[in-house]
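Right, one structure below, let's go through it.
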Amino acid sequence: MYTPGSLVCEDRWEFYDGEVPTPENLDVEVCGSDDLPTPAYFLSTGGLYLGRLITGDIGGSRGIKYSVNFIPSVCGMTLEIPKEGEQRFTSPGFGIGKLPQDLQCDITITGPKPPKLTFVSLDVPCEGGTSLKAYNGPSAESCLISNLCDGKDGDVITATGYVMFLRLSTGSGNYGAGFEVSAVEKEC
């Protein structure tokens, strides 16, 4: 099993969760001759990343080629549905690969009327500790509306109050592509 900080190589890429390069913040380290799974992506706990390329003086190394895309995460956010409007959002990593491992992503949706969510795309299988649950209220202690894993594109859920809470949890497996949601006000 890989332990961050355990690689000894001439050229390497280090990726830190945060601004400070400490052993505790080191998420991944790749030698110049190694490959990351494609696509490889990481979630920051605070929205700040540090990438560091370290290269030695031995002439035989091939170096490292990389690109970085920053995708805003809705985890931990409260999304407001505009009056007579729509709020669209996706799970972390949606559109670039599989769901991140060992993730807990909480999203609160509010509006001037009860939220109605339509899952434009839904690929969250119930396996390996993965779940997607919707609650009728501001937290996971509220009444469960639906367990959405193993759902399908076009599934619709509606809150009875003005707040809905979603919790996406993943295990150590890498299952499903996640979801894309269209949130609107419930029609009276």
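These numbers come from the heavy atoms of this one structure, side chains and all, not from hydrogens, waters or symmetry mates. These numbers come from a predicted model, not from an experiment.
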Search all heavy atoms of [X] against all heavy atoms of [Y] and return the closest pair with its distance.
X	Y	result
Thr130	Gly171	OG1-N, 3.9 Å
Val163	Pro138	CG1-CA, 3.6 Å
Gly111	Glu80	CA-OE2, 4.3 Å
Leu99	Gly178	CD2-CA, 3.6 Å
Pro115	Gly161	CD-O, 3.3 Å
Met164	Ala159	CE-N, 3.4 Å

Rounded distance [0.5 Å steps], [atom1] in [X] versus [atom2] in [Y]:
X	Y	atom1	atom2	value
Ser182	Ile81	OG	CD1	8.5 Å
Leu148	Asp155	CG	CG	6.5 Å
Ile107	Leu117	CD1	CG	9.5 Å
Lys133	Ser131	NZ	OG	5.0 Å
Leu79	Thr110	CG	OG1	8.0 Å
Glu180	Thr90	CD	OG1	7.0 Å

Give a yes or no on whether the backbone of [Y] and the side-chain of [X] come within a donor-acceptor separation of less than 3.5 Å.
X	Y	answer
Asn25	Tyr16	no
Asp150	Cys126	yes
Glu185	Glu84	yes
Thr170	Leu103	yes

Does the side chain of [X] reach to within under 4.5 Å of the side chain of [Y], using non-hydrogen atoms?
X	Y	answer
Glu14	Pro21	no
Phe179	Leu168	yes
Asp123	Phe94	no
Leu132	Leu122	yes
Val124	Phe119	no

Is there a path of hydrophobic side-chain contacts, each under 4.5 Å between heavy atoms, that joins [X] and [Y]?
X	Y	answer
Val74	Val120	no
Ile157	Val184	no
Ile145	Leu166	yes

- Query: Other than Phe165, which residues form its hydrophobic cluster under the rule that side-chain heavy atoms must be closer than 4.5 Å?
  - Reply: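 Same cluster as Phe165: Tyr135, Leu144.
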- Quick one: do Gln87 and Ile109 satisfy side chain to side chain contact (heavy atoms under 4.5 Å, CB included)? Show the steps, please. CA-CA 9 Å; Gln87 179 70 265; Ile109 303 102; over 6 Å; no
